[in-house]
Amino acid sequence: MVEAKEAEQFDFKVMQEKWLPVWEEIAPFTARDDPNDTRPRSYVLDMFSYPSGDLHMGHAEAFALGDVVARYRFQQGHNVLHPIAWDSFGLPAENAAIARDENPATWTYQNIDTQAESFKRYAISFDWTRRFNTSDPEYYRWTQALFLQFYERGLAYRKASSVNWCPSCQTVLANEQVVAGECERCGATVTKRELTQWYFKITDYAQRLLDDMAELQGRWPERVLTMQRNWIGRSEGAFVDFAIEGRAEPVRVFTTRPDTLYGATFFVIAADSPLARELVSPDQLSAFEKYLDEVRRATDIERLSADRPKTGVPLGRFAVNPLTGEQIPIWAADYVLADYGTGAIMAVPAHDQRDLDFAKAFNLPVRKVVETGEDDPAITFVATTGDGVLVNSDALNGLSKDQAITKAIELLEAAGRGEKTINYRLRDWLLSRQRYWGAPIPIIHCAVCGEVPVPEVDLPVRLPELKGDQLKPKGISPLAGATEWVNVKCPKCGAAAKRDTDTMDTFVDSSWYYFRYCSPHDASQAFDPAQVRRWMPVAQYVGGVEHAILHLLYSRFFTKVLFDIGLLEFNEPFTALMNQGQVILNGAAMSKSKGNMVDLGQQIDEFGVDAVRLTMVFAGPAEDDIDWADVSPAGSKKFLARVWRLALDVQNAGTHAAAQTGADGDAAALELRKATHRTIHDATSALDSFRFNVMIARLMELTNATRKAIDGPLGSSHPAVREAVENLAIMLSLVAPYTAEDMWARLGHQPTVALAGWPVADATLIAEDSVTCVVQIAGKVRARLEVPLEITQDALEKLALADPAVQAALGGKPPSRAVIKPPKLVNLVP
RNA sequence: GCCCUUGUAGCCCAAUUGGUAGAGGCAGCGGACUUAAAAUCCGUCGAGUGUGGGUUCGAGCCCCACCGAGGGCACCA
């Protein structure tokens, strides 16, 4: 007998150290741009990383899941583009730089190096040749070039408006970055300021953003589509022009209920709109000013609270109903929003609760024009909004709501006093920021020429080297203090001029990074359209749902603009989207302030990369949150050790007892082979439907079956055992690459198992020749029969009725009804 | 307040889409190994699917109501 070597132990640290350099050497995940490469192309994209520090548990989950998708496609023989880059502009770097008296680049690029090393150790199948950072001048040069393309097409413009201001970040914010009245980033209460700012004209694309969701249906999570739909907020209605006494131009309102025009008893203008100031009569001026002051002081949070009493002030002017000639008083109020519709409304208190609340507060008349059969709103103070018959409405009387809407629009259009229209809740994207660490807006302001784009040859407009206190937020951009940088000659006329001192929202950077991956080193253009055509659109995008109406909406907008420019042949950048959940602890989001952080590095040190990845994937459906208290990385590690020992046994087969032969061994071998191929089949279909946790469960099953076979009749040298273990290694490689690679080597193969090729199940080994048929009496299982797959209905019924247990249950009487579903089920009703 | 999703062993989760409720894991229990413990290995217990109705030969799955959880929207005219 051969002396058994001391048994090798599963040691993830040894494996990590052994295989990482090997993979670095062979770089198996480099995408090939070669147009003659005939493999199918797959672009698998993870939302790129913000370099806030080292990777954390959230990264570990998102990238583990994305990596399963990418590695699966590698195994399927695709030419996979699976890149990574860094979204490296942004506020945290700037704040760190102020605290550390540095330039933000120092902190940023240190963190990027740290994250890159961690990604490598975490064994994500990235193409490392394509990395870049949005804060590199080689990148933001093209961010600026794209901005100028938008500018030239009238899609980037400046306007003065009341904007969201974050007093903590000391900068303006886009609407998308204000969540329930608070800054999306820091949580401070957002206030309003009147400022001139840069915007992207995303509203021009509202309808297309809505329409093109049809092709995302079923491939994007439904809730993301719903959120975008709500955000865009399309509503159909009409513009109605109200003449104003003493003003040449009428004032236009938007309404979804032109049918209720006869019920308009007053008129309301947003208090903070310029129109209110214009229309206020001299004797109401001081009351108006006082009110406007109050409104300005109110935060959005106060404004948004639903049960807040209505406030307002009369302007001492009157508007004229275009259909009736009736004069109605004009009020200023803050329940009408300056930047939705036209900032003015006709108030129909009988059929709109907000108007009714206002009418009640100021004792204004309520006139019912739709008889819905409900109680009179003038008495109940409950507005009626349903369908009914029009009353008190002259030409509309007797019509239904829909008929009246159509008719009212006809009347208005005939009179030249209005028209049918569609209004959107979506506002233009405010893109300028009063901060340093972003892409400078490549515009020069000249007293003579006005806004002048920086000529393409002068791009990039590089950030001047500022640091520490120079970056302190002052309400204007720190760039304004960089005098040498700011003062330039006008590119057009040569006169003294100044650079625009704002930088772009970092969401501009991330709106096109996925194009850059297709030709990351192109020095002559933002991206090479030919390469983009080959790789895009993205086959699978993976990232968090928190970007549902930020990054994802902006990226869709960018793609449509670039399509219109003629650079693309598709309208939607991301064919399919998967939202992973969050990693939480004890039911709550991890946060430093709560002190419930789980440290990724510590988890990896304790359990190994593979066990952490496996835990992430096995915890449940990909889109569900993972409560780290509910899962067991130790259990994952135990499983990995179990699988790994299978390969160890096969490797050491020579020192073990030879496989048994004979009938027992043959039957056991066939059983194991069936289990192997059943697993291949089931794991494949689980993967195809993104049920990664189920795939793992199947691998565990096969692991258990293989262990039994080795310890039982087959031993470790039987070909059926080798087949099982080899397939386990390949399938496991999607989730536990180190363990799988080590197994693969022990089975006598060269690296890398990641490209071994996805196995195909042998159909003949999956097909069962018999199946257990359940016989129910009145729905209760009374017998089980082993029957051939192809059994006929008649034969099955006879067989079932002949069963003694069935006969006993039926008491000898024939069933009144028999439901026969061959081959699996018989249900007899006595 | 409105809309969407969801509820299966103590816990995390499966269930071929209307046909035997259980695949996998965690925890528990028993055993093996150990001087002992940990680790490891083997074995094992475990719910009738949130509640109440309905459709059906048959419901975890479909319909209605209610309860709980999560999410979105919330003065958008």
Side-chain angles (χ1 to χ4, degrees), chain A residues 7 9-10 180 221-224 226-227 229-231 233-235 237-238 240 253-257 260 268 270 303-308 310 333-337 339-348 351-355 357-358 423-427 545 548-549 581 587 614-615 618-621 623-636 638-639 641-642 645 679 681-682 685-686 691 693-704 707-708 711 771-784 815-821 824-830:
Chain A
Q9 296 293 315
F10 176 80
E222 193 54 45
R223 62 174 175 154
V224 174
T226 303
M227 284 164 75
R229 239 176 247 122
N230 289 342
W231 188 258
R234 176 190 156 104
S235 68
V240 184
V253 302
F254 173 73
T255 178
T256 56
R257 294 294 303 275
T260 62
V268 188
R303 289 186 57 149
L304 287 172
S305 80
D307 47 1
R308 182 163 166 267
K310 292 279 180 289
D334 68 352
Y335 84 93
V336 171
L337 306 177
D339 52 0
Y340 181 78
T342 62
I345 63 156
M346 64 179 207
V348 185
H351 307 297
D352 183 293
Q353 191 60 49
R354 298 155 299 181
D355 297 343
D357 292 343
F358 193 84
N423 201 41
Y424 299 90
R425 185 179 172 279
L426 181 72
R427 318 286 159 77
V545 72
I549 50 170
L614 176 66
T615 304
F618 183 55
E623 62 275 15
D624 287 7
D625 287 351
I626 299 173
D627 194 326
W628 206 247
D630 290 337
V631 294
S632 172
S636 298
K638 194 163 77 175
F639 165 69
R642 270 169 65 76
R645 276 196 302 272
T679 301
H681 175 268
D682 289 355
S685 71
R691 287 143 58 231
N693 55 325
V694 178
M695 177 200 65
I696 302 296
R698 294 290 166 265
L699 299 187
M700 289 173 168
E701 255 178 299
L702 181 58
T703 301
N704 293 341
R707 179 85 262 156
K708 278 203 175 76
D711 292 346
V771 64
T772 305
C773 176
V774 173
V775 184
Q776 300 176 334
I777 311 294
K780 287 194 171 151
V781 180
R782 290 297 156 92
R784 288 165 212 273
S816 66
R817 176 161 187 178
V819 181
I820 318 286
K821 299 276 175 188
K824 286 181 75 176
L825 182 117
V826 173
N827 190 14
L828 303 171
V829 185

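A note on names: the letters A, B, ... follow the listed sequences, proteins ahead of strands, and every chain is numbered from 1.
Residue contacts for A/Arg698: at a heavy-atom cut-off of 4.0 Å it reaches a base atom on one of the strands shown. Within 4.0 Å of A/Arg223, counting heavy atoms only, lie sugar-phosphate atoms of the nucleic acid but no base atom.
Taking 4.0 Å as the cut-off between side-chain N and carboxylate O, A/Arg427 and A/Asp339 count as a salt-bridged pair.
In B/rG48 the O4'-C1'-N dihedral to the base is within 90° of 0, which defines a syn nucleotide.
The partner of B/rU5 is B/rA69, judged by Watson-Crick or G-U wobble contacts that both fall below 3.5 Å. When both distances must be under 3.5 Å, the Watson-Crick or G-U wobble mate of B/rU40 is B/rA32. Pairing partner, B/rA15: none, since no Watson-Crick or wobble contact has both distances short of 3.5 Å. In a base pair of the Watson-Crick type (N1 to N3 plus N6-O4 or O6-N4) or a G-U wobble (N1-O2 and O6-N3), with each distance short of 3.5 Å, B/rA74 is matched with no nucleotide. Judged by Watson-Crick or G-U wobble contacts below 3.5 Å, the nucleotide B/rA27 has no partner. With both pairing distances under 3.5 Å, B/rA59 is matched to nothing as a Watson-Crick or G-U wobble pair.
Contact check, A/Arg691 against B/rA15: a side-chain N or O comes under 4.0 Å of OP1 or OP2. Put simply, A/Arg642 has a side-chain N or O that comes within less than 4.0 Å of OP1 or OP2 on B/rC42. A close approach under 4.0 Å does not occur between any side-chain nitrogen or oxygen of A/Lys638 and OP1 or OP2 of B/rA38. Taking only side-chain nitrogens and oxygens, A/Tyr340 comes nearer than 4.0 Å to OP1 or OP2 of B/rA77.
With rounding to whole Å, A/Leu699 atom CG is found 12 Å from B/rG25 atom P. A straight line from CG of A/Asn693 to P of B/rC26 spans 15 Å, rounded to a whole angstrom. Regarding A/Trp628, its CH2 atom lies at a distance of 14 Å from the C1' atom of B/rG25, rounded to whole Å. One can place CH2 of A/Trp231 at 12 Å from C1' of B/rA74, the figure rounded to the nearest angstrom.
B/rA39 sits 11 Å from B/rC33 when the C1' atoms are compared, rounded to a whole Å. Only the C1' atoms considered, B/rG10 is 31 Å distant from B/rC4, to the nearest whole Å.
A/Thr615 and A/Pro633 make their closest contact through OG1-CA, 3.3 Å (heavy atoms, listed as atom of the first residue, atom of the second, distance).
Counting atom types as modelled, A/Asp630 pairs no side-chain N or O with a base atom of B/rC12 as donor and acceptor under 3.5 Å.
Side-chain atoms of A/Tyr335 and A/Asp357 include no donor-acceptor pair closer than 3.5 Å.
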